[in-house]
Every structure is written in C-alpha cells, then in structure tokens.
Amino acid sequence: MHPNPKAHAPRYWLMKSEPDECSIDDALAAPGQTVPWTGVRNYQARNFMRDAMQVGDGVLFYHSSCPEPGIAGIARVASGVRPDSTQFDPASPYFDAKSSPGKPRWLLLDVQALRKTRLLTLAELRQHPHLAAMRVLQRGNRLSITPVEPGEWAVIGALLQAQS
DNA sequence: GCCAACGTTGGC
DNA sequence: GCCAACGTTGGC
C-alpha cells in the first residue's frame, strides 16, 4: 500500500483565462461544458496540474488581461493530465520546438464549467482582508494556476451569494 | 501603450 | 553556477 501522494493536496484552485481566448461563456457552451486547459507554459502551473490537482477540485474561473479582470464563474477539475498537443504544432502560438511527443514537456487537463457568476472584480477581491493572502492578489503575480485555501473559497462563495 | 515584475536563456 | 539580457504577463 502506497500513500496517495495527492491525499493532502489543496482542493481549490484559481485558473486564469483570457476571455478573448476562452471565457466562462465559451466554456459553458462547450460540449459537456468542458474545455481542455491548453497553453500552460509555466513549470509551476504545470506541476500543480500534474502533482496536485484532482478530478472534482473546485475552480475559480478568472478572466485576465481584459478590461475588467476578476472571477467570472465556478468550475471543476474534470480529468487528469495528458500532453497538450499544441506544443507539437508549429502553427500554434503554444508551439515548443524543444518538446517532442516522445518526451512531452507541457500538460493539460479538462476543466468543466459549472456556472457563471456575477463578475467578482479584482478590485473587490482586494477589499477583503480575508482574501489578502490570495496568490492572485500578490504584487507581480503571474502564475496562471494558483491554489485557493478552503477559507478563501468560502469567503468568495459568500460574496457571490450575497449579491448576484 | 506603459511598465513593473517575473521566468527563462545562454554566455562565461 | 552566476547573472545580465531578454521575452512575457497582466494590471492599469
């Protein structure tokens, strides 16, 4: 018997998506409301997917690089990891010449959108003391996938319920 | 469009 | 292994 290496992993995550590429509406409109989370090209984010994220984990679907950045919906992790095929496609902006199908460098997993929420803006997130430690709020943060503490998830759930 | 912050690359 | 240069992210 081996202990499950993911047994004590965080259960909640924030995942950034540029709405021009894939918005919460796009994800909800996809077959099975599920989209492959393509384009992660950062080792820390990749390692979260590979080593810590589990099917069923809660996801805050965050819109970034847009006029109003913020949390736009709730989703869940819907698969384990597999190679991200865009890394092998020279025509893709996510192409990586140093990767090969025999030794893929970049992974993805499926994310299933559950519902759209009101836009919980970055500015509003910053106003709440209980969320101050969130990675996405830290100065200079660029990581596209970050763990969310259960307490933070609960606070955000309450904010979304309070006024929607 | 600006620019601070960060990650990666590559010369040494 | 150091670290300067470079490219990217992403809020504003």
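Residue numbers begin at 1 in each chain, while the letters A, B, ... track the order of the sequences. In this text the structure is predicted, and so the values were computed from the model without any measurement.
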Closest approach to the side chain of A:Asn42, judged atom by atom: which nucleotide of C:dG11, B:dT9, B:dG7 is it? B:dG7
Closest approach to the side chain of A:Lys16, judged atom by atom: which nucleotide of C:dG11, C:dG10, B:dG10 is it? C:dG10
Measure from the side chain of A:Ser64, starting at C-beta and using heavy atoms only, and say which of B:dG10, C:dC12, C:dG10 lies closest. C:dG10
Measure from CD on A:Gln138 to P on C:dG10 and round the result to the nearest Å. 15 Å
Any side-chain donor near an acceptor of the partner, A:Asp96 and A:Trp106, under 3.5 Å: yes
Would you indicate which nucleotide in B:dG10, B:dA4, B:dG7 comes nearest to any side-chain atom of A:Arg139? B:dA4
To the nearest angstrom, the CG-C1' distance between A:Leu143 and C:dT8 comes to 14 Å
Report yes if a side-chain nitrogen or oxygen of A:Tyr94 is closer than 4.0 Å to either non-bridging phosphate oxygen (OP1 or OP2) of C:dT8; otherwise report no. no
Residues A:Ser99 and A:Gln87: side-chain donor-acceptor under 3.5 angstrom: yes
Do A:Thr38 and A:Asp84 meet the criterion of a side-chain donor-acceptor pair at a distance under 3.5 Å? yes
Taking only residues two or more places apart in sequence, or in another chain, which ones meet A:Asp25 in a side-chain hydrogen bond (donor to acceptor under 3.5 Å, both in side chains)? A:Lys116
Side-chain donor-acceptor distances from residues 152-159 of chain A under 3.5 Å, at least two apart:
{"residue": "A:Glu152", "atom": "OE1", "partner": "A:Glu149", "partner atom": "N", "Å": "2.9"}

Find the distance A:Leu122:CG to C:dG10:P and express it as a whole number of Å. 12 Å
Nearest-Å distance for atom pair CG/C1', residues A:Asp96 and B:dT8: 12 Å
Tell me: CD of A:Glu18 to P of C:dT8, nearest whole Å? 13 Å
May I have the distance from A:Tyr62 (atom OH) to C:dT9 (atom P), rounded to whole angstrom? 15 Å
Pick base, sugar-phosphate or nothing for A:Gln44, based on heavy-atom distances below 4.0 Å to the nucleic acid. sugar-phosphate
Write down the distance between CG (A:Leu119) and C1' (C:dG11), rounded to a whole number of angstrom. 14 Å
B:dA5, C:dG11, B:dT9: which one has an atom nearest the side-chain heavy atoms of A:Arg105? B:dT9
Give the rounded distance in Å between these two atoms: CZ of A:Arg135 and P of C:dG10. 12 Å
